[in-house]
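Working notes for the structure below.
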Amino acid sequence: MAQGSLFRRPRGQAEWLAAALVAVAAVVLAVRMVTSVGEMLLRGWPVVVAVAAAAAGVVVWRALRVAAQRRRAAERVAALRITLAQFDAMDDEEFEYALRDLLIRDGWSARKVGQGGDQAADVIGQFPHHGRIVVQAKHTRVGGKVGSSVMYQVNGTAEPVHGADHAVVVTNGTFTHNAKQWGDRHNVRWIDRAQLLRWAEHGTALQELLRLPARSRRTPRRRLAA
């Protein structure tokens, strides 16, 4: 014989009363559970708020710390001054890094690239209004002179190899008369000891020192990655 339904309608007044009592008990139990959960939340909200505030505080503290570090770094760069005596005490690589830092101080996005096979480029910088500059560094002994051959090399690679808008040779010494004349004729700029003093120690920006023109509006040629 098939098993009857587990649940059936109450029969008689007694069963209806019992069913009503069970329903009331279930409702009371549900209300008590909701009330208990609410009370737990009410008692615990200070803890939740405190945890959230602590997490927010950590985030804000980290953001302020990063901002302060960046501000101090920017202030150090902006205040960068290098004396001629310091330049004279450097080796070739230190001299290149120092020129890179000076470019960054003056608002250029610059990086040191000088190494074997650098094709007459030790530092390359980029500036929104002036384009790309290639710097060839020539560190010498005090009183040393840079000759015309360096100008030839820079002129031959600055634009075709590095896509430069400007080329400059920098030395802590001096240039021969022929080197300066040749550079002036072929638009290869030069910074000798006297100009280096104005740039590095007195704080004159490179673009002002060299009176660099704004970048040409002509269609840029295809540039090789440096």
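These values consider heavy atoms only, across backbone and side chains, with no hydrogens, waters or symmetry-generated copies. Computed from a prediction, not measured in an experiment: that's the story for all the values here.
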Check against side chain to side chain contact (heavy atoms under 4.5 Å, CB included), Asp106 and Phe127
CA-CA 10 Å; Asp106 295 342; Phe127 197 95; over 6 Å; no
Members other than [X] in its cluster, when Ile, Leu, Val, Met, Phe, Trp, Tyr link by side-chain heavy atoms under 4.5 Å?
X	result
Val22	none
Tyr152	Val146, Val150, Met151, Val154, Val169, Phe175, Trp182, Val188, Trp190
Val34	none
Val28	Val24

Can you name the residues that form a side-chain hydrogen bond (donor to acceptor under 3.5 Å, both in side chains) with Thr176, not counting sequence neighbours?
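Thr176 satisfies side-chain hydrogen bond (donor to acceptor under 3.5 Å, both in side chains) with no other residue.
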Tell me, please, which residues at least two apart from Gln207 pass side-chain hydrogen bond (donor to acceptor under 3.5 Å, both in side chains).
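Result, side-chain hydrogen bond (donor to acceptor under 3.5 Å, both in side chains) vs Gln207: Trp108.
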Taking the side chain as every heavy atom from C-beta outward, state whether [X] and [Y] have any atom pair closer than 4.5 Å.
X	Y	result
Gln126	Arg111	no
Met90	Ile82	yes
Leu206	Ile133	yes
Arg32	Thr35	no
His202	Leu197	yes

Checking [X] side chain against [Y] main chain: does a donor-acceptor pair fall under 3.5 Å?
X	Y	value
Glu94	Asp91	yes
His130	Pro213	yes
Asp122	Ala137	yes

If the condition is side chain to side chain contact (heavy atoms under 4.5 Å, CB included), which residues does [X] pass it with, not counting sequence neighbours?
X	answer
Ala110	Arg100, Leu103, Ile104, Val123
Asp88	Val142, Asn172, Arg193
Gln153	Ala120

Give me the atom names and distance for the closest heavy-atom approach of [X] to [Y].
X	Y	value
Leu196	Thr171	CD2-O, 3.8 Å
Ala167	Ala158	CB-CB, 3.7 Å
His162	Ala121	NE2-CB, 3.3 Å

For Val168, run the side-chain contact (heavy atoms from CB on, under 4.5 Å) check against Leu99, Leu210, Val134 and tell me which one passes.
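With Val168 as partner, Leu99, Leu210, Val134 yield a single side-chain contact (heavy atoms from CB on, under 4.5 Å), made by Leu210.
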Partner set under ring-ring contact (aromatic ring centres under 6.0 Å, His included) for Phe95, not counting sequence neighbours
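Scan of Phe95 (ring-ring contact (aromatic ring centres under 6.0 Å, His included), adjacent residues dropped) gives Phe87, His139.
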Separation between OG1 of Thr157 and CD of Gln119, rounded to the nearest 0.5 Å
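Reported value, rounded in 0.5 Å steps: 6.5 Å.
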Among residues two or more places apart or on two chains, list those pairs meeting salt bridge (charged side-chain N to carboxylate O under 4.0 Å, His left out) that have a residue in residues 135-146.
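Salt bridge (charged side-chain N to carboxylate O under 4.0 Å, His left out) check on residues 135-146 returns no pairs.
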Sequence neighbours excluded, every pair satisfying salt bridge (charged side-chain N to carboxylate O under 4.0 Å, His left out) that has a member inside residues 196-214
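The answer is none; no pair qualifies.
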Arg62, CZ atom: more than 12 neighbouring heavy atoms under 6.0 Å:
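Counting other residues, nucleotides and ligands, CZ of Arg62 stays at 12 neighbours or fewer.
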Within one Ile-Leu-Val-Met-Phe-Trp-Tyr cluster: Val135 and Tyr97, side-chain cutoff 4.5 Å:
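No: no chain of side-chain contacts under 4.5 Å links Val135 to Tyr97.
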